[in-house]
2 protein chains.
Amino acid sequence: MPRNRRPRDREEKRAEIVTAARALFLDEGYEAVSMTRIARAAGVVSNTVYWYFGDKDGILIAVLDEVMADALERSGELQPLEPVERLLWVLTELERMSTLVTTVHARSEESASIREWHERFHALTDALLRLEFAALGVPEDGVDELATIAVYVLEGLLMHPVEPARKRAVLAAVLRGATSTAVS
Amino acid sequence: MPRNRRPRDREEKRAEIVTAARALFLDEGYEAVSMTRIARAAGVVSNTVYWYFGDKDGILIAVLDEVMADALERSGELQPLEPVERLLWVLTELERMSTLVTTVHARSEESASIREWHERFHALTDALLRLEFAALGVPEDGVDELATIAVYVLEGLLMHPVEPARKRAVLAAVLRGATSTAVS
DNA sequence: ACCTGAACACCGTTCAAGT
DNA sequence: ACCTGAACACCGTTCAAGT
């Protein structure tokens, strides 16, 4: 046991726990994965996880942040597509974490920290979608509602089993409703 | 202990458990309420609840059915209103069970019986909304997508804290997008 | 058929103790 | 500062036993 543990070690151990938790959450679901399982997968004992993250919601937030950071990094690919394809890209991206979407909603009812994360996430996606719609020529006084509609539709498509063709059709209908009010 | 218990008794005891569970679920949430609490509130011991309902999801389904039946009964008030008000009425009605909406999504991932209930619920609301939009003159080939959008928006408004005025504005925007494609 | 006491395996979390 | 062994109170669920 080295006396002067480098700060680097702490980051590494933390990252290992997050990586383990992320994989387990994504393919078994938050509720189904116990602290003991996460700890075992990361090669520590469950109390250690508490030392790093405080509680189970703390790990969830760390996992959510990591997943979001990865998605933002990939958003470079996004530029040259046209509107429907852009929304489909976002949807596909979110589907990587679709199990976590339901979990965030469920935990938001009880955990203040998850609720805060959830609100920040919605503020971000709302702002991005408002920019999209403004660029499409939607008049300014209708942009807010349309962005909200788009967010809820994306969430709905995420949380319910829907065939790919239908996803495209529903998103196209959202855009049609939006652009029909545009001055162009 | 009467030897020939009337079948009536069974219904009554069952109803008492459902009533107790319903009240507890609605103001504390499904996860937060234990089988022991439900049983105590209904004046029995927890095993008895298993005898009547099989498992915790069984009680949830019974509660959902009761809540839905009450809502359908109240839907008589619904007739004379105009479109936005009708959607707002549905939203207000669903808000009585807003905590349960998140629960149904969460449990659907693990429980086949809850998933089945969830699908039936969506089929029903989808059919009702298709009728609404058809009556508004939306052309038949766009009705499906608009009904889906409306369902997801209602769900979104349910699951996120939104001010009343904004709810009306968002629902009005959905209808505007719909009727702009109408032949009328 | 209906209801219970007692137990089972597990959960998230805490805390005193070690290095 | 970092990590653990052992315990705590609780959970959904089961089962043999009673009437």
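Every value quoted in this text rests on a predicted model; they were computed, and no experiment measured them. So that the names make sense, note that chain A is the first sequence line, chain B the second, and so on, each numbered from 1.
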Item to check | B:Val45 side-chain proximity, nearest of C:dC2, D:dC3, C:dT4 | outcome: C:dT4

Distances for protein N/O vs nucleotides 14-16 of chain D N/O pairs under 3.5 angstrom?
unit_1, atom_1, unit_2, atom_2, d
D:dT14, O4, B:Asn47, OD1, 2.8

Next on the checklist: Do B:Ile149 and B:Leu131 land in one hydrophobic cluster if side-chain heavy atoms of ILVMFWY residues count as linked below 4.5 Å?
Outcome noted: no

Item to check | Inter- and intrachain pairs under ring pair (Phe, Tyr, Trp, His ring centres under 6.0 Å), touching residues 137-158 of chain A, at least two apart | outcome: A:Tyr152-B:His160

Item to check | Sequence neighbours excluded, every pair satisfying salt bridge (charged side-chain N to carboxylate O under 4.0 Å, His left out) that has a member inside residues 42-51 of chain A | outcome: none

Checklist entry - salt bridge (charged side-chain N to carboxylate O under 4.0 Å, His left out): which pairs involve residues 44-54 of chain B, sequence neighbours left out? => result none

Item to check | For A:Arg14, salt bridge (Lys or Arg N to Asp or Glu O under 4.0 Å) partners two or more places apart | outcome: none

Item to check | Qualifying residues under side chain to side chain donor-acceptor pair (under 3.5 Å), relative to A:Glu116, sequence neighbours excluded | outcome: none

Validation: residues 56-69 of chain B side-chain donor-acceptor distances under 3.5 Å, sequence neighbours left out:
unit_1, atom_1, unit_2, atom_2, d
B:Lys56, NZ, B:Tyr30, O, 3.0
B:Lys56, NZ, B:Val33, O, 2.9
B:Asp57, OD1, B:Tyr30, OH, 2.8
B:Asp57, OD1, B:Arg107, NE, 3.0
B:Asp57, OD2, B:Arg107, NH2, 2.9
B:Asp65, OD1, B:Trp117, NE1, 2.8
B:Glu66, OE1, B:Arg22, NH1, 2.8

Checklist entry - What is the distance, rounded to the nearest whole Å, between atom CG of A:Asp57 and atom P of C:dC11? => result 17 Å

Next on the checklist: By nearest atom, which of the nucleotides D:dC3, C:dT4, C:dT13 is closest to the A:Lys56 side chain?
Outcome noted: C:dT13

Checklist entry - What residue pairs, at least two apart or across chains, pass salt bridge (charged side-chain N to carboxylate O under 4.0 Å, His left out) with a residue in residues 26-35 of chain B? => result B:Glu28-B:Arg37

Checklist entry - Among the clusters formed by ILVMFWY side chains lying less than 4.5 Å apart, do A:Leu72 and A:Leu154 turn up in the same one? => result no

Next on the checklist: A:Phe133: which residues meet the ring-ring contact (aromatic ring centres under 6.0 Å, His included) condition with it, sequence neighbours left out?
Outcome noted: none

Item to check | Nucleic acid contacts of residues 24-41 of chain A, taken as heavy-atom distances under 4.0 Å to DNA chain C | outcome: A:Val33, A:Ser34, A:Met35

Item to check | Secondary structure of DNA chain D in dot-bracket form (Watson-Crick or G-U wobble, distances below 3.5 Å, | marking inter-strand pairs) | outcome: ||.|||||...|||||.||

Item to check | Residues in contact with DNA chain D, drawn from residues 102-111 of chain A - heavy-atom cutoff 4.0 Å | outcome: none

Item to check | Spacing of B:Ile17 atom CD1 relative to C:dC2 atom P, expressed in whole Å | outcome: 12 Å

